[in-house]
**Student:** 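Take this structure, written in structure tokens, and hold onto it; I'll ask about it next.
Both ligands and their constituent atoms are indexed starting at 1 by order of listing. The residues of the chain are indexed from 1 along the displayed sequence.
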Amino acid sequence: MSGGGNAEDGPDDGQDRPAPRPLTHLAQAGRRSEWTSMPGQQGGIVNPPVWRASTILYDDVAHLRAAAGRDTHERLFYGRKGTPTAWSLADALTSMEPGARGTMLFPSGVAAIACALMAVLKPGDQLLMVDAAYDPTRGFCEKMLKPLGIETIYYDPTIGAGIAELFTPKTKAIFLESPGSLTFEVQDIPAITALAKDRGIVTLMDNTWATPLYFQALSHGVDISVIACTKYIVGHSDVMIGSATATSELWPALRNSAHLFGQMTSPDDAWLAARGLRTLGVRLAQHQAGALQVAQWLADRPEVAKVLHPALPGCPGHDLWRRDFTGSTGLFTFTLNGGTDKARAALIDDLQHFGIGYSWGGFESLALPVDPARYRSATHWAADGPAIRLHIGLEDPADLIADLEAGLARFRATA
Ligand SMILES: *Cc1c(COP(=O)(O)O)cnc(C)c1O
């Protein structure tokens with residue numbers, strides 16, 4: 001929890017109250033009375049409103065001087081440092097990760113990843129990067145970190161405790177993404193973070209797929225958890241926003257880095273993300289159920305070689321997913337049995353209920369041709385045929401399955 005005064009704290013009546021369960025917490029997180037009520041008036045509104053600001057007006061010169069000299073976190077100081085709209089969202093995200101000290105918000109998930117990496121690395125350091133990382137994360141390492149003299153070494157997502165063999169005196173940070181982008185390998189996060197802690201190595205994780213609702217990264221030893229809130233937190237495909245949540249030890253570095261880079265998010269976008277957060281629980285449950293239904297149906301089809309879904313046995317790291325995660329979400333990949341690019345396009349092009357697009361996590365279903373082998377360097381990725389990544393939205397899974405059945409018929413006719 002970050003600071004007192006949270007709505008969920010309840011009245012201090014001396015009774016020991018159990019911590020609210022995750023769904024209850026989602027309805028209450030980030031709702032402090034000082035953000036929803038007016039000074040001197042009783043009562044208040046439910047949601048912290050949109051506070052737009054650049055200039056903050058001070059009472060007098062003494063106030064101005066005092067404000068500049070103290071901690072500006074969650075205080076009105078300058079528009080770039082945020083207003084209660086963003087603080088409320090950040091507070092809610094912090095409170096979803098036990099062990100977290102604070103959350104910084106960014107204009108996109110990529111900005112959050114870049115800034116979190118810059119917060120912990122300096123020239124001469126080595127970074128261990130999971131080979132199944134989101135491609136723009138790799139791009140940042142190659143095109144930004146490398147010229148700064150920071151070396152990135154890619155590792156097998158299934159490496160587990162074997163990661164210790166890659167440690168050198170220069171190893172400063174390990175970046176995890178679990179499950180991996182496009183290929184969904186689940187990593188042994190507790191094994192890796194335990195070894196990292198022993199050596200004073202910082203761990204960062206891209207937790208976009210599970211969100212803190214289904215995987216609490218800091219509880220599993222991660223130091224900084226990054227989310228592309230653009231995806232499931234917003235949930236409606238209409239806002240770009242990212243977050244990074246850190247432990248007390250890493251919080252000052254993360255915060256300074258975000259401030260120095262001038263990173264922030266607009267209050268309107270923070271407000272939409274906070275609105276999305278309230279329904280994260282019901283949406284993810286529905287994404288999970290629909291995706292499992294579609295994935296299981298695909299797994300039984302002769303045209304399909306493999307379904308890469310962490311909750312299905314056979315996906316690399318499935319047992320780790322069962323051990324560490326409390327749910328699965330709507331995004332997974334399947335590979336086809338043979339077939340050409342053209343046959344894959346025939347499958348995708350005429351789907352009636354799936355859009356063709358990259359950014360997932362909205363209420364709508366998506367189908368995307370993916371070629372994971374292109375984004376690998378430490379491991380070799382091969383499949384029996386082309387791969388398709390699906391995002392299962394909130395539609396009726398029966399309609400999606402019928403749509404895919406017709407798509408597979410087109411694939412057969414073209415292959
Ligand atoms: C989309 C995505 C990002 C980047 O988020 P943006 O908000 O689009 O910049 C980062 N990591 C993963 C796993 C993603 O899917």
**Student:** Among W321, F325, Y232, W209, whose ring-ring contact (aromatic ring centres under 6.0 Å, His included) with F215 holds?
**Tutor:** F325

**Student:** With a cut-off of 4.0 Å, which atoms of ligand 1 are near a heavy atom of I113?
**Tutor:** 10 (C)

**Student:** Mark up the atoms of ligand 1 that fall under 4.0 Å of a heavy atom belonging to S181, in ascending order.
**Tutor:** 13 (C)

**Student:** Flag yes if more than 12 heavy atoms outside R323 fall under 6.0 Å of its CZ atom; otherwise flag no.
**Tutor:** yes

**Student:** Which residue supplies the protein heavy atom nearest to atom 4 (C) of ligand 1, what is that atom called, and how far is it?
**Tutor:** Y134 CE2, 3.4 Å

**Student:** Looking only at protein heavy atoms, which one is nearest to atom 2 (C) of ligand 1, and how far off is it?
**Tutor:** K231 NZ, 2.4 Å

**Student:** How far is atom 11 (N) of ligand 1 from its nearest protein heavy atom, and which residue and atom is that?
**Tutor:** D206 OD2, 2.6 Å

**Student:** Is the F332 ring parallel, tilted or perpendicular to the H309 ring (thresholds 30°, 60°)?
**Tutor:** tilted

**Student:** Could you check T245 against T94 for side-chain hydrogen bond (donor to acceptor under 3.5 Å, both in side chains), going step by step and ending with a plain yes or no?
**Tutor:** CA-CA 6 Å; T245 299; T94 302; 5.1 Å; no

**Student:** Considering distance alone, does some N or O of W360 sit under 3.5 Å from an N or O of ligand 1?
**Tutor:** yes

**Student:** Relative to the heavy atoms of T230, which atoms of ligand 1 are at a distance of less than 4.0 Å?
**Tutor:** 6 (P), 7 (O)

**Student:** From the options R32, M96, R31, select the one residue that forms a side-chain contact (heavy atoms from CB on, under 4.5 Å) with D91.
**Tutor:** R32

**Student:** Tell me which protein heavy atom sits closest to atom 5 (O) of ligand 1, plus the residue, atom name and distance to 0.1 Å.
**Tutor:** A228 CB, 3.1 Å

**Student:** For the residue pair R283 and F363, would you count it as a cation-pi contact if the rule is NZ or CZ under 6.0 angstrom from the ring centre and within 45 degrees of the ring axis?
**Tutor:** no

**Student:** Going by the atom numbers of ligand 1, which of them fall below 4.0 Å from some non-hydrogen atom of M240?
**Tutor:** 6 (P), 7 (O), 8 (O)

**Student:** Is the count of non-hydrogen atoms from other residues, nucleotides or ligands lying under 6.0 Å from K197 atom NZ greater than 12?
**Tutor:** yes

**Student:** Regarding K231 and the six-membered ring of Y134, is the cationic atom NZ or CZ under 6.0 Å from the ring centre and inside 45° of its axis?
**Tutor:** yes

**Student:** Can you name the atoms of ligand 1, numbered from 1 with element, that are less than 4.0 Å from a heavy atom of S108?
**Tutor:** 7 (O), 9 (O)

**Student:** Can you tell me which residue and heavy atom of the protein come closest to atom 6 (P) of ligand 1, and the distance to 0.1 Å?
**Tutor:** G109 N, 3.3 Å

**Student:** Please list the nearest protein heavy atom to atom 9 (O) of ligand 1 with its residue and the distance rounded to 0.1 Å.
**Tutor:** V110 N, 2.9 Å

